[in-house]
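Since the structure comes first, as structure tokens, the remarks are kept for the end.
Here is the naming used below: chain letters follow the sequence lines, and residue numbers restart at 1 for every chain. Any value given below was found using the heavy atoms of this structure, including those in side chains, with hydrogens, waters and symmetry copies removed.
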Amino acid sequence: MLRVIGKRLALLIPTLLGLSILLFAWVRALPGGPATALLGDKATPEAVARINEVYGFDRPLAEQYFVYMGQLLRGDFGASIVTGRPVVEEFLTRFPATLELALVALVFAVGVGVPLGYVAARHRGRPLDHSSVVLSLLGITVPVFFLAFILKWLLAIKVPLFPADGRQDPRIDATHYTNFFVLDGLLTGEWDAAWDAFLHLILPGVALGTIPLAIIVRITRASVLEVQSADYVRTARAKGLTRSLIRGRYILRNAMLPVITTIGLQTGLLISGAVLTETVFAFNGIGRFLRDAIFNLDYPVLQGFIIFIALAYSLINLLVDISYSLIDPRVRVQ
Amino acid sequence: MSTPFRPGRARRALAVTSLAAAASLALTGCLASDREEGGSGEAAAGDVDGTFVFAASSDPKSLDPAFAQDGESFRVSRQIFEGLVGVQEGSAEPEPLLAESWEQSEDGRTYTFQLKDGVTFHDGTTFDAEAVCANFDRWYNFEGLLQSENMAYYYGSLFKGFADSPEEAIYAGCEATGAQEAEVSLNKPFAGFIAALSLPAFAMQSPTALEEYGADTAGGTAESPELSEYAQGHPVGTGPFRFESWDVGNQVVLSAYEDYWGEQGQVTDVIFRIIDDPQARRQALESGSVDGYDLVAPADTQALKDGGYNVVTRDPFTILYLGFNQAQEELADPNVRQAIAHAIDKEALVSQTLPEGTTVATQFIPESVNGYNEDVTQYEHDPEKARQLLEEAGYADGLELDFSYPTGVSRPYMPNPEQTFTTLTAQLEEVGITVNPQPDKWSPDYLDRVNGTSDHDLHLLGWTGDYNDTDNFVGVFFGQEKPEFGFDDPELFQALADARELTSVEEQTPVYEEINDQIMQKLPAVPLANPAPSLAFDARVESYPVSPVNDEVFNRIQLSE
């Protein structure tokens, strides 16, 4: 097991290296440059030229790449052109926000999606099944930002049950250590702060979790349907095993394999979904920052963040594979 | 750290806890109508919640105003810092602030400032003549990267040269001639000097803190420039609010400075929430998470007023114009430019596409700026005359022009470029000018194309004045040859350069009046309107000190609850 994990981690290096080359070329192929974004209305061609010279954007691409990689190997991701802060610092202050949000979205998607998919399969062809299929179809087709907007308008403005934006009420004087606001509140015993931060996660979490939820419902339903008509389930029934044993050990456990793969893939996608959700809810995570970086062509931030995200994505996949092999020992052999 | 949780905000928490039970209640809208902050035991009748939350559209670029040039940085700076010169409330006229008064020498090159007594910086440092000179000398001695346009933009562009290029520098030196008297000398006259000092970029900063937190070490290496420690978290001024914290991307927190020399006002804490999406800013106000925001979309003003919010409008200090690129043959012909000017119905444009409070522009400065000329050459809306002029220019069968405009952007002087473009296009087509739309993303595409290349015919652009100085408008537009206008007129360039160097504003007035008329005769662009930006506030904000040049300090805000 450890050897497999080690091998997978070693494979990450060439993957990230290849990715960094592609990224570097892609980011610089985008039209325009950071200088005009930085200088705005007052940009004169001379000023743009000076900025490009200062940051080295006028040098050959290969040279820029090697300088960048050299810094990267020393753990230096450079500084944002727009904010002037180190990329690592920018990432570390925002990543907990997105992770917290993704976690709520995931709990919502899995917590609601798996039982709903299972129940739909058990009631195949009946109204409950039909409505879950329609709901999941809706969940997939409604754009995230639209849903986010509606949720916010309805539940934060018309009926103000939840906060409309941000991660915490600005009037709350909370202490932060880890930048996971809910966790910080719990660690310091500032219950109000923790509760307030949690409430701030609900609407964006639901908006962000809706597409994964819909997909999980469909996959769970299909998988349970397939497994429950499998030979070994029929055999188990014929042997007279109890219903709960059949459902738990035979059906659910086996049906979960494709569901876990889906959850893993969806977790990675949550980060890109966060770009829209975080914008609508003025949520200070990496999604919103990434969007700004694209808009401003903030090269160091774009490169650094995408490498971070790729790394996170690879690690999530590794975790999925590990949990896969825990559930189904046959996978371990490979 | 304690957690003073406001009962008003606990409403939501309570509502959620009892969500299931209260579902029917919620649906009847009872909760929605509960907008009050109150129910609190701590706030006696008549007391107000001194925390004022304002939605900012972005983080400040820097907390050190000497290295800033953007509105959001200056908004924060204005609460923390004060300059020698301020502006009169509600106008763009300079008036004493940290200086009690000043005197200008005969030759216009020496200014003697009498300073306010008993003023301290937030770190306890005394504000005196030494502090004033320390600030002037600091700006003058910026080196390398610090001099660049994305750092000391205002010092560089207004004072022309730094210590390493003294031959161009306007600043000559500063001397503390008494504890409360500082003498600033210039190498050549600069009539806009006093007005320029009202810019936050020239605010007085604590020399002790600048030194302690390495304010001038900003820049780092060329490859990896970084804000100084000072600019990231230790700004120290003399203003009514002191800096508390900056949670990047989230909020900037300030608190009242207890030893402030002036009136402290009702606001005890200021929180700038960073909400970059305009729609989200409006919703933040509607949901009660902020008390106000700037640059209300014109389409939102009426709905917000109807919803019981206070919408206030600044006097316009902006100009929106239709630019011509004379590098294109057709537009080099004055008849064509005049035809276009006559084709435009500015009144209709303003009433159809621009926010309330917008005025029609006859020249390239707003009315409140020195040198505004009532009798400037005008081109009234006259489609018939426009057709005739086109015919004289040889375009009787019509003329085809590219029209560049930015998309997805809202500027104070151009709240909705797409709408402005559409209206102007209809007006131009009426006189036989066919328009090829050239939409571009604002940054970098649009700005690159219009400012950096000659690949455009007509374009929309504008400007928000920084401070009350004519050169800050017409000098910026027509002071030298630029790809934007492709217009080369050495005579006008020289007239503008000479006007800038006159010793007093009074002397400048007739000169600028004449220049404004000359510009309108030459018609390098058509001034369209002076759009007025609006802000929206929660009903508890009784009054807000609107200023045409955004000099809005929150100790002057009046709250009712």
Side-chain angles (χ1 to χ4, degrees), chain A residues 31-33 35-45 47-48 50-51 54-56 67 71 76 78-79 83-86 90 93-94 152-153 156-167 169-175 190 192-193 195-196 199 279-282 284 288-289 292 296-297, chain B residues 1-6 9-13 15-16 19 26-27 29 31-32 51 53 59 61-62 69-70 145 148-150 153 218 220 222-227 232 247-251 253 271 273-277 279-280 283-284 286-289 411 443-445 447-448 451-452 463 483:
Chain A
T36 35
L38 190 64
L39 296 172
D41 301 21
K42 290 166 183 135
T44 58
V48 170
R50 194 159 53 231
I51 294 251
V54 166
Y55 288 92
V67 169
Q71 289 171 342
D76 176 8
T83 67
R85 283 195 176 64
E90 295 278 19
T93 53
R94 290 176 172 84
K152 185 170 155 184
W153 180 78
I157 294 167
K158 286 292 142 194
V159 186
L161 291 175
F162 296 97
D165 42 63
R167 295 185 65 193
D169 192 302
R171 293 167 174 88
I172 289 184
D173 189 9
T175 324
E190 294 169 351
D192 292 340
W195 177 241
D196 179 69
L199 289 183
T279 301
V280 175
F281 288 99
N284 186 29
R288 192 159 71 124
F289 199 68
D292 290 349
N296 295 324
L297 290 181
Chain B
M1 207 183 291
S2 71
T3 307
F5 190 64
R6 310 266 163 181
R9 303 290 145 177
R11 185 191 69 225
R12 289 193 196 107
V16 172
L19 175 58
L27 287 174
L31 289 173
T51 303
V53 189
D59 277 299
K61 292 260 159 60
S62 161
Q69 46 179 293
D70 62 299
L145 202 62
S148 72
E149 226 157 306
N150 59 334
Y153 167 79
E223 287 77 25
S224 177
E226 285 173 21
L227 290 177
Q232 286 192 56
D247 175 7
V248 179
N250 196 32
Q251 60 190 28
V253 181
I271 299 168
R273 288 275 325 270
I274 319 296
I275 304 180
D276 51 5
D277 182 49
Q279 191 70 36
Q283 291 180 325
E286 289 174 325
S287 73
S289 72
R411 313 297 293 177
S443 172
D445 306 359
L447 292 172
D448 270 359
N451 288 334
W463 186 257

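Listed for the B/D247 side chain is no donor-acceptor partner under 3.5 Å among the backbone atoms of B/N250. Judged by distance alone, the side chain of B/K61 and the main-chain N or O of B/D70 form no donor-acceptor pair under 3.5 Å.
Across A/R288 and B/G249, no two heavy atoms sit closer than the pair NH2-O, 2.8 Å. For the residue pair A/D76 and A/G78, the shortest heavy atom distance occurs at OD1-N, 2.8 Å.
Residue A/T279 touches chain B through both its backbone and its side chain, counting heavy-atom pairs closer than 4.5 Å. The parts of B/I275 that come within reach of chain A are both its backbone and its side chain, each placing non-hydrogen atoms under 4.5 angstrom from that chain. With a threshold of 4.5 angstrom between heavy atoms, B/Q251 approaches chain A through side-chain atoms but not through N, CA, C or O.
Residues A/E190 and A/I172 form no side-chain contact, since every pair of their non-hydrogen atoms from C-beta on lies 4.5 Å or further apart.
Comparing A/R94, A/R167, A/K152, A/E90 by heavy-atom pairs within less than 4.5 Å of chain B, the highest count is held by A/K152. The candidate from A/V280, A/T93, A/D292, A/D165 with the greatest count of non-hydrogen atom pairs under 4.5 Å with chain B is A/D165. Of the residues considered (B/D276, B/I271, B/V53), B/D276 shows the highest number of contacts with chain A, using heavy-atom pairs under 4.5 Å.
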